[in-house]
K.L.:
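Pasting a structure below so you can have a look.
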Amino acid sequence: MPLTWLVLIIFTIAAAGFVMGRKRALQNAGGDRRELHSLPVYYGSNVAMWAIVPAVAVLIVWMLVQPFFVNSRVLATLPDTIVSEGSSIGLVMSDVRRVAEGLDIAVVQGVMSRDEAASISAEISDIRESLGEVGVAVGSKVSTEVMKGAQLYRTLNAVGSMMMNVVVLLFAFGGAGYAYSKSTADFRARNMVERGVLAMLIAAASIAILTTIGILFALLFNTIEFFKLYPAADFFFGTRWAPSFSGRGGASDLGVLPLLWGTFYISFIALLVAVPIGLFSAIYLSEYAGPKVRGIVKPLIEILAGIPTIVYGLFALLTVGPLLMRMFGKDTFGWMQGGTAVITAGLVMGIMLIPFVSSLSDDIINAVPQALRDGSYGLGATKSETIRQVILPAALPGIVGAILLAASRAIGETMIVVLGAGAAARLSMNPFDAMTTITAKIVSQLTGDADFVSPEALVAFALGMTLFVLTLGLNVFALFIVRKYREQYD
Amino acid sequence: MNDMTFVERDVDTNEVKIAAKDVQVFYGDNHAIKDVSVEIEDKTVTAFIGPSGCGKSTFLRCINRMNDTIDVCRVTGDLRIDNEDIYDTKVDPVQLRAKVGMVFQKPNPFPKSIYDNVAYGPRIHGLSKNKTDLDDIVERSLRRAAIWDEVKDRLHAPGMGLSGGQQQRLCIARAVATEPEVLLMDEPCSALDPIATAQVEELIDELRKRYSVVIVTHSMQQAARVSQRTAFFHLGSLVEYGATSNIFTNPVDPRTESYITGRIG
């Protein structure tokens with residue numbers, strides 16, 4: 001029975017439970033809803049909740065545990081001799097899974113019968129060929145042991161799924177029945193449902209937090225792994241970034257400084273573009289523009305925020321880069337060697353950040369109380385005097401927070417840099433040079449054939465960790481400032 | 001109303017400072033002020049009283065054109081200060097507001113130091129020749145607002161850190177620092193405790209020597225205590241206007257009598 005069906009049945013039970021629970025509670029109260037502790041809908045919801053929650057919880061746990069269980073059972077049947085030279089037990093297991101998958105498909109397509117698939121032996125027929133016919137490619141000739149393993153794998157999985165269906169449905173019926181039996185007039189169904197809702201909200205919140213922690217640990221362990229292979233001092237203080245690619249041998253230089261410098265340089269140029277433009281447009285929108293203009297312009301600026309960064313990257317590569325080449329390239333000043341440079345990526349990233357800065361600053365400027373404006377106008381100040389001397393100082397902490405948030409986005413930005421800034425890691429002051437950033441190097445270290453035990457690949461995690469610590473610090477600092485500012489007027 | 005005490009003051013016949021004739025104010029379609037004509041004298045405290053929403057604050061804000069900052073607000077009629085039409089196109093509202101200071105209902109010090117709050121007006125209007133001159137203006141204004149002794153040791157502390165009553169007196173100091181000719185006060189004591197109120201009222205009486213003060217208030221006792229002339233507004237119209245003692249002891253209009261005896265409003 002496929003999963004969809006199982007879930008549908010659970011929901012059907014829940015729906016039936018809802019109707020029946022509601023009805024039972026009403027009956028118990030003699031048909032007078034004023035005799036009930038809660039509204040009838042709560043009794044129904046309570047039954048539905050009891051039908052769904054335990055059953056789905058069991059379903060999820062079962063689906064997580066079953067593969068481990070099956071794997072270990074199959075592994076136990078495989079003889080040690082099956083692992084050939086230069087291979088590992090993991091590779092054999094993946095062969096087993098592939099063959100099992102192939103058998104499944106063969107049965108579905110009707111190439112083999114159910115019994116055939118379960119009893120067929122690798123010695124008499126050429127499994128590899130018949131699986132190839134149904135579109136599953138198996139690397140080498142299928143050995144008897146692997147074939148046996150695959151058949152065991154299929155049986156175990158089938159039995160497991162069967163048992164899962166039964167157990168889950170039992171839980172659904174049991175839960176619904178339990179709640180149904182409690183649906184009397186005195187039962188506090190409303191409180192129960194409220195508690196269920198609370199639990200759901202807490203679960204949602206903890207998923208977000210747990211995921212963050214999980215990502216953090218994944219980064220951390222791999223970073224530690226990297227530092228076992230490569231000295232931390234060389235990573236943090238090395239001024240050369242020259243990874244040798246796996247297979248070619250030779251030592252790599254994995255100094256983070258050139259990447260850090262590129263990251264900061266590009267972000268700095270981006271902020272140089274985004275902060276004045278964003279801030280001025282925010283001032284125009286919040287103080288000068290009429291409601292009509294504001295209603296049109298504000299969404300238009302925010303559209304900029306909705307453009308995917310890869311599109312900005314294309315824009316940098318195909319439009320801004322060549323344009324800058326014409327202006328500063330060898331035909332005129334000769335400053336620029338190629339279209340991809342710090343200034344290209346910085347300019348485009350700045351454009352990307354404009355709506356970020358302007359939208360946040362606009363909100364913050366609007367939050368400055370009207371009383372302050374009135375006070376200033378009442379003293380005979382002009383609009384621009386009021387803005388410069390009262391509103392901006394009042395909004396400054398918030399604006400600084402907005403700029404820091406924009407900075408942390410600039411530091412984490414990838415696609416624009418990959419396409420617009422070039423790939424050379426270097427420490428240079430010239431904004432017309434090609435440079436690269438931490439994010440772009442993470443991409444290039446992990447794309448292609450990466451061997452995940454070499455320092456050249458693991459360095460990506462160390463880079464990611466560095467980036468994470470940087471942006472986290474900036475975000476915390478920005479939020480701290482924004483919050484401090486909020487308290488001022490509350 | 002027996003507990004009300006009138007300070008008998010010599011109400012000299014002063015010249016007219018503000019003259020309004022048939023002033024109408026509209027908020028969109030809402031006719032907020034209807035045919036208000038009033039002559040406000042120089043060196044006098046004039047109180048506007050009336051129930052909430054009767055238009056007293058709106059009319060007050062017409063006098064320094066603060067209503068210009070509200071998009072939907074439209075003012076018609078004739079409003080003159082020193083016989084000059086303030087709604088004339090060649091009048092710059094910014095300059096007008098330098099001449100007609102305003103103190104608001106809620107204290108609204110700028111998020112700056114006490115010193116900078118007071119120096120704000122003189123700085124933007126270039127009233128001081130140098131730093132010592134500016135120091136003098138700040139000290140004089142703070143003294144006039146009766147707050148100098150409380151803040152003289154912490155002039156560079158933030159103005160937001162003062163208590164409510166101190167903040168309001170700071171705002172008054174800020175308003176008098178620009179040397180206005182008219183001072184408009186929109187319920188200046190509504191957020192203050194009785195002690196701070198008494199201080200502000202004393203101050204208003206003090207300010208009368210130099211300015212024409214117009215005060216909107218909900219407290220009839222306050223109007224009786226501080227003002228020489230009182231205007232009673234009701235539903236957007238000016239019902240009665242005259243010497244304060246007359247309005248409170250011998251009102252002509254039955255609506256005025258009802259209001260001051262607490263039957264309407």
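Lettering follows sequence order; numbering is per chain, from 1.
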K.L.:
Side chain from CB out, backbone as N, CA, C, O: work out which of these in B/Val103 comes under 4.5 Å of a heavy atom of chain A, or both, or neither.
P.N.:
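Interface part for B/Val103: neither.
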K.L.:
Could you grab the distance from atom OH of B/Tyr120 to atom CD of A/Glu385, nearest 0.5 Å is fine?
P.N.:
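Rounded to the nearest 0.5 Å, the OH-CD separation comes to 6.5 Å.
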K.L.:
Do other residues, nucleotides or ligands put more than 12 heavy atoms under 6.0 Å from A/Glu194 CD?
P.N.:
yes
K.L.:
Write down the atom of A/Asp374, the atom of B/Thr69, and the distance for their closest heavy-atom approach.
P.N.:
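Shortest heavy-atom contact: OD1-OG1, 4.5 Å.
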K.L.:
What part of B/Pro93 gets within 4.5 angstrom of chain A, counting heavy atoms only: side chain, backbone, both, or neither?
P.N.:
neither
K.L.:
Looking at A/Phe477, I'd like to know if its CZ atom is crowded, meaning that more than 12 non-hydrogen atoms belonging to other residues, nucleotides or ligands lie closer than 6.0 Å.
P.N.:
no
K.L.:
Is B/Phe26 atom CZ crowded by more than 12 heavy atoms from other residues, nucleotides or ligands, each under 6.0 Å away?
P.N.:
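Yes - once you tally the heavy atoms of other residues, nucleotides and ligands closer than 6.0 Å, there are more than 12.
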K.L.:
How far apart are the closest heavy atoms of A/Leu372 and B/Pro111, and which atoms are they?
P.N.:
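It is CD1-CD, 3.7 Å.
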K.L.:
Counting heavy-atom pairs under 4.5 Å to chain A, which of B/Arg174, B/Gln95, B/Arg123 comes out on top?
P.N.:
B/Arg174
K.L.:
On a heavy-atom basis, which atom in A/Gln389 and which in B/Lys112 lie closest, and how many Å separate them?
P.N.:
O-NZ, 2.6 Å
K.L.:
Mind checking the CZ-CG spacing from A/Arg373 to B/Asn108? Nearest 0.5 Å is all I need.
P.N.:
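CG of B/Asn108 is found 12.0 Å from CZ of A/Arg373.
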K.L.:
Would you say B/Lys131 has more than 12 foreign heavy atoms packed within less than 6.0 Å of its NZ?
P.N.:
yes
K.L.:
Taking side chain as everything from C-beta outward and backbone as N, CA, C, O, which of these in B/Asp71 sits under 4.5 Å from a heavy atom of chain A? Side chain, backbone, both or neither.
P.N.:
side chain
K.L.:
Looking at B/Lys106, I'd like to know if its NZ atom is crowded, meaning that more than 12 non-hydrogen atoms belonging to other residues, nucleotides or ligands lie closer than 6.0 Å.
P.N.:
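At most 12 heavy atoms, drawn from other residues, nucleotides or ligands, come within 6.0 Å of this atom.
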K.L.:
Does any heavy atom of chain A fall under 4.5 Å from the side chain of B/Arg61, the backbone, both, or neither of them?
P.N.:
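For B/Arg61, the contact with chain A is made by the side chain alone.
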K.L.:
Side chain, backbone, both or neither: which part of B/Lys99 has an atom under 4.5 Å from a heavy atom of chain A?
P.N.:
neither
K.L.:
Using 0.5 Å steps for rounding, measure from the CZ atom of B/Arg97 to the OG1 atom of A/Thr382.
P.N.:
10.5 Å
K.L.:
Has A/Phe280 got more than 12 heavy atoms of other residues, nucleotides or ligands less than 6.0 Å from its CZ?
P.N.:
no
